[in-house]
Amino acid sequence: MQERLQELKADALKQVEEANEVKALQDVKVQYLGKKGPITEVLKGMGKLPKEERPVIGQLANDVREEIATAIETKKQKLENEALEKQLEEETIDVTLPGRPAPTGGPHLLTNLIEEIEDLFIGMGFEVAEGPEVEADYYNFEALNLPKGHPARDMQDSFYITEEILMRTHTSPVQARTMEKHEGKGPVKIICPGKVYRRDTDDATHSHQFTQIEGLLVDKHVRMSDLKGVLNAFAKQMFGEEREIRLRPSFFPFTEPSVEMDISCKMCGGEGCSVCKGTGWIEILGAGMVHPNVLEMAGYDPKEYTGFAFGMGPERIAMLKYGIDDIRHFYTNDVRFLNQFHKA
Ligand code: 2U9
């Protein structure tokens with residue numbers, strides 16, 4: 001019986017040695033120390049043994065059980081520690097490693113461009129004025145010398161909400177409101193950026209929603225040359241000192257006289273190319289001296305005050321600047337397009 005117990009112990013300890021996972025140890029435990037295990041058998045068979053052998057066998061059986069149990073527990077600890085070490089090893093985070101950069105968004109290229117243009121005019125003493133996008137027909141049209149039924153209204157097909165309320169078709173109503181607030185006194189020197197809406201079918205050059213930046217300067221003795229000076233300064237700062245500007249006669253109901261401002265074409269330096277359609281000039285904005293009717297309706301006496309105004313489309317300037325061929329890119333939020341302009 002003692003050899004049997006030694007043998008059992010040796011087999012059990014061998015299996016414990018070879019076990020490389022806790023489950024296997026569990027099996028050894030059940031196999032050797034379990035109710036139906038050989039050690040239990042031996043202890044159950046004590047009664048059949050000679051009286052004098054029982055204490056020896058009994059003690060040996062308990063020692064063997066103890067030794068196997070201890071060996072199993074020790075190996076279990078060892079395997080669990082190794083597993084923990086391995087897990088720690090695998091899961092060790094090198095906190096010195098740079099984190100995975102969370103994809104950050106950034107200002108839309110139009111926002112950057114509008115702020116760039118704002119800064120240029122703020123540098124010339126203009127203040128930024130903003131106003132409602134849902135506007136009254138009076139400020140969007142009548143105050144701008146576009147009385148009800150005026151044909152020019154059709155040029156700006158509009159999203160009417162009621163007879164008297166519409167989505168503004170330009171930011172000019174902001175200037176009209178600002179002048180009105182001045183009650184015909186003192187200078188007004190503002191630029192008005194913002195979203196405008198026209199009931200247009202979207203295509204490569206038209207969008208039902210787009211942005212504008214308009215400007216207005218009203219004071220005593222404001223002349224066309226002041227307008228030209230401001231536009232020239234803007235063009236050179238925005239497009240380069242080497243660029244020339246040219247003013248061409250034009251027409252707007254809210255300015256008289258009215259002009260379009262062109263800049264010399266960057267691609268051909270004015271020689272004529274596909275970008276400037278052979279003219280050597282690129283149209284950038286419209287402007288003019290504020291129409292006396294508009295001054296009057298805002299409470300300014302046109303005999304005492306004069307003013308100039310201008311208006312541009314930031315999308316158009318961005319398309320020229322970055323060679324973008326479709327205005328819809330600005331609004332369809334394709335990150336592949338937007339990320340190209342993402343200032344890191
Ligand atoms: C007041 C008086 C005059 C604003 C002006 C333009 C010329 C102009 C276009 C630019 C691009 C519209 O989006 S666009 O197609 N605008 O050419 N805008 S003068 O004149 C005003 C505005 C307000 C009280």
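Owing to the predicted nature of the structure, the values given are computational and were not obtained by experimental measurement. Order of listing sets the numbers, starting from 1, for every ligand and every atom in it.
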Counting heavy atoms under 4.0 Å, the part of A287 that contacts ligand 1 is backbone
With atoms numbered from 1 as shown, which atoms in ligand 1 lie under 4.0 angstrom from a non-hydrogen atom of Q212? 12 (C), 13 (O), 14 (S)
Proximal ligand 1 atoms for F210, defined as those under 4.0 Å from one of its heavy atoms: 13 (O)
If you measure from CG on D262 to CZ on R243, what distance do you get to the nearest 0.5 Å? 11.5 Å
Closer than 4.0 angstrom, basic N to acidic O: yes or no for E283 and R248? yes
Could you check F341 against N112 for side chain to side chain contact (heavy atoms under 4.5 Å, CB included), going step by step and ending with a plain yes or no? CA-CA 9 Å; F341 309 96; N112 286 333; 5.8 Å; no
Would Q175 and V290 count as a side chain to side chain contact (heavy atoms under 4.5 Å, CB included) if you check the C-alpha gap in whole Å, the side-chain angles of each, and the deciding distance to 0.1 Å? CA-CA 11 Å; Q175 286 110 300; V290 179; over 6 Å; no
Are more than 12 heavy atoms from other residues, nucleotides or ligands located less than 6.0 Å from atom NZ of K86? no
Can you find a protein heavy atom under 4.0 Å from atom 15 (O) of ligand 1? no
Among all protein non-hydrogen atoms, which one is nearest to atom 8 (C) of ligand 1, and what is the separation to 0.1 Å? G311 O, 3.7 Å
Quick one: look at F254 and ligand 1, take heavy-atom pairs under 4.0 Å, and tell me if it's side chain, backbone, both or neither. both
Counting each atom of ligand 1 from 1 as listed, which ones have a heavy atom of G313 under 4.0 Å away? 11 (C)
Any N/O of R198 closer than 3.5 Å to an N/O of ligand 1? no
Take E315 and Y331 through the test side chain to side chain donor-acceptor pair (under 3.5 Å) and record every step on the way to the result. CA-CA 10 Å; E315 289 84 353; Y331 300 108; 2.3 Å; yes
Considering the heavy atoms of V294, write down every atom of ligand 1 situated less than 4.0 Å from one of them. 24 (C)
Ligand-residue contact atoms, ligand 1 with E214, heavy atoms, under 4.0 Å: 4 (C), 18 (N), 22 (C)
Show which atoms of ligand 1 fall inside a sub-4.0 Å distance from at least one heavy-atom site of A309. 3 (C), 20 (O), 21 (C)
Heavy-atom contacts with L144 under 4.0 Å: which atoms of ligand 1 show up? List them by number with element. 1 (C), 23 (C), 24 (C)
Less than 4.0 angstrom from a charged side-chain N to a carboxylate O is my criterion; do R4 and E41 meet it? no
Do F234 and F126 have their ring centres less than 6.0 Å from each other? no
Protein heavy atom at shortest distance from atom 17 (O) of ligand 1: G286 CA, 3.1 Å
For atom 24 (C) of ligand 1, tell me which residue out of E260, M297, H170, M179 has the closest non-hydrogen atom. M179
Y139 versus E180, side-chain donor and acceptor atoms under 3.5 Å: yes
